[in-house]
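Report on the structure given below.
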2 protein chains.
Amino acid sequence: MKAEISKVTINDVAKAAGVSKGTVDRVIHNRGEVSRKSREKVLRVIDELGFKPNLYASLLASQKERTICCIIPECRPGEFWSMTRKGIQEAAAIVSRYGVKVVCAGFDQYSVDSFRMACDSVVSMNPSGVLVAPMFRDETMRLADSLSSSGIPFMFLDSKIDDAGYLAYFGMPMYESGYLCADILTGGRNIPHKVYVVRISRDKTGLSDPTAARRAGFMDFMARHYPETLIENVFIDPKDAASIYERLDATVGREKDGRFVVMFNSRIHLVADYLSVKGFHDCRVVGFDALERNVAALKDGTVYALIAQHTDRQALDAVNAMTDHLLLGTPVAKRDNFIQMDILNRYNCDYYL
Amino acid sequence: MKAEISKVTINDVAKAAGVSKGTVDRVIHNRGEVSRKSREKVLRVIDELGFKPNLYASLLASQKERTICCIIPECRPGEFWSMTRKGIQEAAAIVSRYGVKVVCAGFDQYSVDSFRMACDSVVSMNPSGVLVAPMFRDETMRLADSLSSSGIPFMFLDSKIDDAGYLAYFGMPMYESGYLCADILTGGRNIPHKVYVVRISRDKTGLSDPTAARRAGFMDFMARHYPETLIENVFIDPKDAASIYERLDATVGREKDGRFVVMFNSRIHLVADYLSVKGFHDCRVVGFDALERNVAALKDGTVYALIAQHTDRQALDAVNAMTDHLLLGTPVAKRDNFIQMDILNRYNCDYYL
DNA sequence: TGAAAATCCGTGTGCGGGCACGGTAAAAAG
DNA sequence: CTTTTTACCGTGCCCGCACACGGATTTTCA
């Protein structure tokens, strides 16, 4: 057991390439001051020998501390973004071993100003990398420009803006999730006469609607497979419980012909509460995201199915990818990482996460 | 902005304790040869200063090579275990950076002897840790005893044996997956008159049936929700294509009242092939595992749904957990890691993996 | 042609800790 | 009182890499 697989070191590379380890180091880190000839030679040897820098030695020698900043909406426990935050925390614990710090800059997802402030504070920290949930298009572009000009890599979470020079994107395929949602909603024993789409009423016109693509996918499925089915939009204000009941009473509550209800954001539990209180059973309700309250409604039968995504894992993957990129300089494996869409019902939700 | 990792080092401890770093090192690793007095002094200082050994330096200096052995069934590309192997490969690439080697010992999943040989060869390698798919109960217990007495930690993959002293388990909740399967099968527009359960005929009696628990879950669901529905077992030999057609022709093929078919292992594509060739449409077919051929059948509509698990991720998690345990000495986070059950249909399978 | 500037490159030190080696002092044996 | 044993302990080299520094070579330009 003597001849162990000798890991190839930077010295081996240097010897094989006929240069010194200093030169190899310069090539590895793109530090310049290397002639094209020896640069190519070194790269070839690295490839041939399969040299992989020893992470430990590398990190030990360069006592640098790196910071990844995350620009993520503030939220209360149990709300959508709390899962993402959880994933970030988890990742932070892991990468701290590699001298990488993760800090979060929160913002109010309904306020452009607070988003802008978060961006500014992150830029002023001069981080090594940035993860951002690009809730506001124009401000995100401003941020992207600022980061790009400083050479700071950034990734998008949950949604993306195509023409910003992002390093990677982690999120769900929105259009397809709407399509899938329609399939699940209509997969029951009866063909729906009418479907209620419950939406959040948006007074401020400046706000973008992150679920628009999802709704489009839903509508396309319906138009294609159930052109006869009526679609009725019901607008509610999530902050006003009384009005929610009122609005639902006037629409879903009066339905005689089988109640089909969907929501495209994570708030289906609002509808579930209503249906539960009113004692409406045998409804077909489909929503998104495995929030605690949604899963509870799933288990008691009020909600038929949820389409979920592991936003925590997604965030963890993003942080890991950024860490790898910062530490090893590797290009990210995939630019667009579409996370899988999980179908949850009462029988498999217990093992979800 | 060159923030240093301000950390107390072994030298700081040595100075503060009035000894040399060699002594501190001896204390840390319980290597003996230290007087009680200085031992206590060092321990106190370590506590006061909050000294934590630098992982990088430690691993860099101690060039120990660790090996994780995996005892996993051999298989051809596209078969069930190939995904697990893929996950192991992936993990191997990652942990190789930490000086951890991963080697696989394959065996024929239908042969106790080959399993025993794999176990023996692994034990003789004296690995740092072991992952095993415990396909044979008695032999696995023998392995467990042998490893335990050598102080070698081991984990179970895919299925587990409760009273072996395993460090962790990664797998699917089998009973529940059968329950879920029944729910999906019967969730359509018609109540099934009869359900065909296609099974692999096992001539050798010594073989354990890994899907027994799954079948039990299925049967319980059916008995509870559809007591009128007939269940007919159809036994096939996967190696004999002609006989498969024959058997199916005599059963499923003759059904007039809506064809409901399930299989509890990963071979549903065998049934799909038959149905496709025969031109039987509008069947309700549910199977397990996202093998390439199964997913193809899902997309062309022959199979209605698959219940899948990310066995690759599962394997990757297992290797990572073992690596963490070996390197950091941390106790594993969770002993029983039940992986989520994924419901796949034609609309979300594209984003699966 | 020679000097200055621009390029390129090798050497050496140190990161924090593991561990072999050898040394010193106290205890035991002769 | 020597000699040997035992119990402790400090020194120094090494792990693989990052990076500063200065030396060497080539290019530029007067």
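The analysis underlying the following values was restricted to heavy atoms, covering all of them including side chains, and did not include hydrogens, waters or symmetry mates. Every chain is numbered from 1 and lettered A, B, ... according to where its sequence line falls, protein lines coming before strand lines.
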**Request:** Mind calculating the distance between CG (A:N11) and P (D:dC15) to the nearest angstrom?
**Result:** 9 Å
**Item:** Whole-Å distance separating the CD1 atom of A:I10 from the C1' atom of D:dC14
**Value:** 17 Å
**Request:** Using a 4.0 Å heavy-atom cut-off across all strands, classify A:N54 as base, sugar-phosphate, or nothing.
**Result:** sugar-phosphate
**Prompt:** Are the side chain of B:S146 and the backbone N or O of B:R142 linked by a donor-acceptor pair below 3.5 Å?
**Reply:** no
**Message:** Between the base of C:dG12 and the side chain of A:K21, is one N or O donor paired with an acceptor at under 3.5 angstrom?
**Reply:** yes
**Prompt:** Taking the side chain of A:A61 as heavy atoms from C-beta outward, which of C:dG16, C:dC19, D:dA18 is closest to it?
**Reply:** D:dA18
**Message:** Taking 4.0 Å as the cut-off, does a side-chain nitrogen or oxygen of B:H29 come that near to OP1 or OP2 on C:dC19?
**Reply:** no
**Prompt:** Can you tell me if A:R85 uses its side chain to pair, donor with acceptor, with the backbone of A:P73 under 3.5 Å?
**Reply:** yes
**Prompt:** Between the side chain of A:S128 and the main-chain N/O of A:T67, is any donor-acceptor distance below 3.5 Å?
**Reply:** yes
**Asked** Within this structure, what is the CG-to-P distance between A:L59 and D:dC19, rounded to whole angstrom?
**Response** 11 Å
Identify all side-chain donor-acceptor contacts of residues 43-54 of chain A below 3.5 Å with residues at least two apart in sequence or on another chain.
| from | atom 1 | to | atom 2 | distance (Å) |
| --- | --- | --- | --- | --- |
| A:N54 | OD1 | A:Y56 | N | 2.8 |
| A:N54 | OD1 | A:A57 | N | 3.0 |

**Message:** What is the distance, to the nearest angstrom, from the CG atom on B:D12 to the P atom on C:dG17?
**Reply:** 8 Å
**Asked** Once you round it to whole Å, what is the distance between C1' of C:dC15 and CG of B:L60?
**Response** 9 Å
**Message:** Can a donor-acceptor pair be found, under 3.5 Å and without considering hydrogens, that links the side chain of B:Q314 to the backbone of B:F170?
**Reply:** yes
**Prompt:** When the distance from CG of B:D25 to P of D:dC9 is rounded to whole Å, what number comes out?
**Reply:** 14 Å
**Prompt:** Given D:dG16, is OP1 or OP2 found less than 4.0 Å from the side-chain N or O atoms of A:S58?
**Reply:** no
**Prompt:** Would you say the side-chain atoms of B:Y166 pair up with the backbone N or O of B:P153, donor to acceptor, closer than 3.5 Å?
**Reply:** no
**Footprint string (nucleotides 4-9 of chain C, 5' to 3'): B base within contact, S backbone only, - free, heavy atoms under 4.0 Å** = ----BB
**Request:** Please check if the side chain of B:D324 supplies one atom and the backbone of B:A321 the other of a donor-acceptor pair under 3.5 Å.
**Result:** no
